[in-house]
Amino acid sequence: MTNTKDLLYYIPAGQYGKEGVLALLEQHPEIKFVSLVGIDLAGNDTDEKIPMSAFFDDYEAFFEGRAVQTDGSSVVLTNIATLNNARVDMWGDPSVNWFVDYNYENIDEATGLPTGTLRIPAFLMHNYRYVDSRSILKNSCDYVRAELLSLIKEHGLPGMPHVKADDVVDIIFTSATELEFWVKTPSRTVTKKELSVSQKLQEQYWQRTHGTVRTALEQAVERLDQYGMEAEMGHKEVGGVKAKLDEDGHEAVVLEQLEIDWKFSGNPLQTADNELQARIIVREVFRENGLDVTFNAKPIIGVAGSGEHTHFGVMAKLKSGKLVNLFSPEDMRKESASSLGIGAIMGLLKHYEAINPFISSTTDSLNRLKPGFEAPVCIVTSLGTDPSEPSRNRTILCGLIRDIDNPMATRYELRSPNPYTNTYTALALIFISAFDGMKYAITSGKTQAQLEAELSKEVGESADYLATNRAYRTEKDVFDDFTQEERNQMFGVAPATVWENIKGYHNNPELVETLAQGNAFAKDLMDSFIASILKRWKLVLAHRLIPDNLDTVRKMVAIHTDSRNSVDDKRFAEVNDLRFYLAKDSDDRKSLFTRLIDALNSGEYDLASQLQIEMNDKMEELEAKYANYAKNIF
């Protein structure tokens, strides 16, 4: 690797004015370009190469929407920026860190250092209003901050006698993400069976890393520190197999799942910006070491997927400068969470059916949320079995994280996001929905015990805030202690497809109205996001998943050997029947693949959703039957 000890990795927010920034950049001529990084509604980041001389010539233009415009119809701003009204202006954001992205394959001849691009996070403006993911998060936090401060001034802080309402001068939103991902050697494969057996034997989780993976993991953790993220740890996750060596002792096959964590932030915009930069760092460092990285939620069906657990909390800043965690009770040994902490999780769970499409927006993400893979399938929380002995239930959607000896650490962990979840819009909806529940906690007049009782209610028990026909809390193992039927009855039916998830948004207009309060995440922007994921669902199904399944079907041919017998013939006949049902049209019957494509093209999304579920089940059955057939062939 290039010697990088003299590189500038980031410019901290607020430490330099214009003259300081330009003077710093003059000291680093290897930084040759500047890029404004806007985030569309799908979470995609823009990047361009503007010569640094333009930044020096008209610095202010980059922060006044005059330096860069983009074609908004070419990014995901569906029904917002259209072909006949596509211009989007980009406004640099001086309130967060600016990162320098280095190209280690393009060495500057004058300095001998890699060529750098200064990436400045930005907002996207269309028709005189901001329409991007970063602005949605900023506006949501600004709205919640103002409304919560007003409520506290008017009603006080119920159940928190140790905090005087008049002393509260600001609200701080804390947040953090954990990044899981798979790494592998390019063009090499490991069988699903090997991965599944390794996972069941628990051979990988937190084990020692070796060779190239160890080197890349250590370098990635070190580089996160160089970018000011204060990395906390990197470790193996549950998925993967031991590396295979060639005859020269070199690693021939690597396939492992890893996780990297870094310090939380008190600025949600910085949290989301950090997560984006961390993905860039991880991908580049592992690529430098000859390894591919995937952040897909479920890159391999049947083994562990990759999540991005998202932590969130709310604190009050007092006149003295002291911070108080609004989720922590006065006595950490007597209560699990404060009244506002209970209200926050009630708000998230009440609205989650409408939020879910924004968290798990792809077929890949929903494939991860299956029983048996430590990923949530039900809208339910856990507070722990005893306030005096904190416990953590890893089978629920969103759980309370607490440390009796450290009230500042109290927070919630949402376990459904994945590395491709749009963290900006996810955090916006988390804080908006949590605020709605906190508002109920403040204005209802209920005690902490009464709020906790409502959160812990049984199915069919009426409540003032939560729905009657649902339960919202359990301390049991959601997977092992309930049947599928019991889970559906208690916590609602989990969506199996993107279309089923979208219906959770369309069928709950009153929840959507609450999420759009204050116009921070405006309804038309939500509708734009929903329209974009519907479009992506149809395209991915028709042009990726069905063709991939068709390739699989075509490869499952008869294996002709001298040892073949009637058992083999019978087993392959069953395989062939499934192959024809899935993929072969006839005069009197269309194949499942054809019927699914027809349903998508005609807008029959309920039918398409049902056929997608059937396709998944039939493909799983086909693979099992073919494996059973093939194992009997010598």
Side-chain angles (χ1 to χ4, degrees), residues 148 151-152 155-163 312-314 325-353 355 376 378-404 407 410-415 430 433-478 481-482 486-492 508 510-511 514:
L148 191 53
L151 283 171
I152 290 172
H155 299 278
L157 287 164
M160 301 185 74
H162 57 298
V163 182
F312 65 96
V314 180
N325 193 329
L326 293 182
F327 289 177
S328 291
E330 182 179 23
D331 190 332
M332 295 287 290
R333 286 174 170 77
K334 291 183 178 180
E335 296 174 332
S336 298
S338 67
S339 294
L340 269 65
I342 299 294
I345 191 61
M346 290 171 70
L348 177 66
L349 296 178
K350 177 178 179 177
H351 295 87
Y352 194 77
E353 198 167 346
I355 294 172
C378 299
I379 301 174
V380 60
T381 191
S382 164
L383 301 183
T385 55
D386 186 337
S388 64
E389 297 180 6
S391 60
R392 188 179 302 184
N393 187 338
R394 300 176 69 222
T395 70
I396 44 80
L397 172 71
C398 187
L400 183 66
I401 309 291
R402 57 195 300 269
D403 179 347
I404 286 179
T410 304
R411 63 197 186 275
Y412 286 102
E413 177 193 47
L414 183 64
R415 298 178 60 82
I430 286 170
S433 59
F435 163 70
D436 193 71
M438 295 169 77
K439 179 179 179 180
Y440 171 70
I442 292 174
T443 60
S444 66
K446 291 189 174 184
T447 65
Q448 189 275 351
Q450 290 171 326
L451 291 167
E452 186 170 337
E454 181 171 349
L455 176 64
S456 309
K457 76 179 196 66
E458 302 290 338
V459 176
E461 184 179 346
S462 62
D464 295 326
Y465 183 74
L466 298 174
T468 300
N469 63 341
R470 302 279 282 269
Y472 293 90
R473 177 188 177 185
T474 186
E475 302 303 332
K476 295 182 178 181
D477 186 316
V478 171
D481 294 338
F482 302 110
E486 288 171 334
R487 286 196 293 265
N488 291 346
Q489 180 184 8
M490 295 177 67
F491 312 120
N508 291 282
E510 72 287 351
L511 299 182
T514 301

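Only this structure's heavy atoms are used, side chains among them; waters, hydrogens and symmetry mates stay out.
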Distance (rounded to the nearest 0.5 Å) between [X] [atom1] and [Y] [atom2]:
X    : Y    : atom1 : atom2 : answer
R415 : N393 : CZ    : CG    : 8.5 Å
R392 : I401 : CZ    : CD1   : 3.5 Å
I404 : E389 : CD1   : CD    : 7.5 Å
E413 : T381 : CD    : OG1   : 10.5 Å
Q489 : N469 : CD    : CG    : 10.0 Å
K476 : S382 : NZ    : OG    : 13.0 Å

Could you tell me whether the side chain of [Y] reaches within less than 4.5 Å of the side chain of [X], counting heavy atoms only?
X    : Y    : result
I430 : L414 : yes
F435 : L151 : yes
M438 : D436 : no
V314 : L340 : no

**Report entry** Contact list for residues 448-462, test salt bridge (charged side-chain N to carboxylate O under 4.0 Å, His left out), sequence neighbours left out
**Finding:**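 Residue pairs with at least one partner in residues 448-462: K446-E454, E452-R473.
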What pair of heavy atoms forms the shortest contact from [X] to [Y], and how long is it?
X    : Y    : answer
C398 : I396 : C-CD1, 3.3 Å
L397 : C378 : CB-O, 3.2 Å
P158 : I442 : CG-CA, 3.9 Å
I342 : Q448 : CG1-NE2, 4.0 Å
F491 : V380 : CE2-CG2, 3.5 Å
L466 : M346 : CD2-O, 3.7 Å

Who pairs with [X] by side chain to side chain contact (heavy atoms under 4.5 Å, CB included), at least two apart in sequence or on another chain?
X    : result
A453 : none
S391 : T385
D477 : T395, F479, D480, D481
M490 : V459, A471, F482

Query raised in the report: Any ring pair (Phe, Tyr, Trp, His ring centres under 6.0 Å) pairs touching residues 443-466, not counting sequence neighbours?
Result: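 For residues 443-466, and leaving out neighbouring residues, the ring pair (Phe, Tyr, Trp, His ring centres under 6.0 Å) pairs sorted by first residue read Y440-Y465.
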Query - Partner residues of F312 under the ring pair (Phe, Tyr, Trp, His ring centres under 6.0 Å) criterion, sequence neighbours left out - result: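 So F312 forms a ring pair (Phe, Tyr, Trp, His ring centres under 6.0 Å) with Y412.
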Requested in this report: Kindly state each residue pair satisfying side-chain hydrogen bond (donor to acceptor under 3.5 Å, both in side chains) with at least one member in residues 331-346, sequence neighbours excluded.
Outcome: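 Residue pairs with at least one partner in residues 331-346: R333-D405.
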**Report entry** N-O pairing of E353 and R470 below 4.0 Å
**Finding:**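 Yes.
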Which residues satisfy the side chain to side chain donor-acceptor pair (under 3.5 Å) test with [X], sequence neighbours excluded?
X    : answer
T474 : none
R411 : H311
S328 : T410
D386 : S388

Answer yes or no: is there a donor N or O on one side and an acceptor on the other, between the side chain of [X] and the main chain of [Y], under 3.5 Å?
X    : Y    : value
R402 : A337 : no
E475 : G384 : yes
Y472 : K350 : no

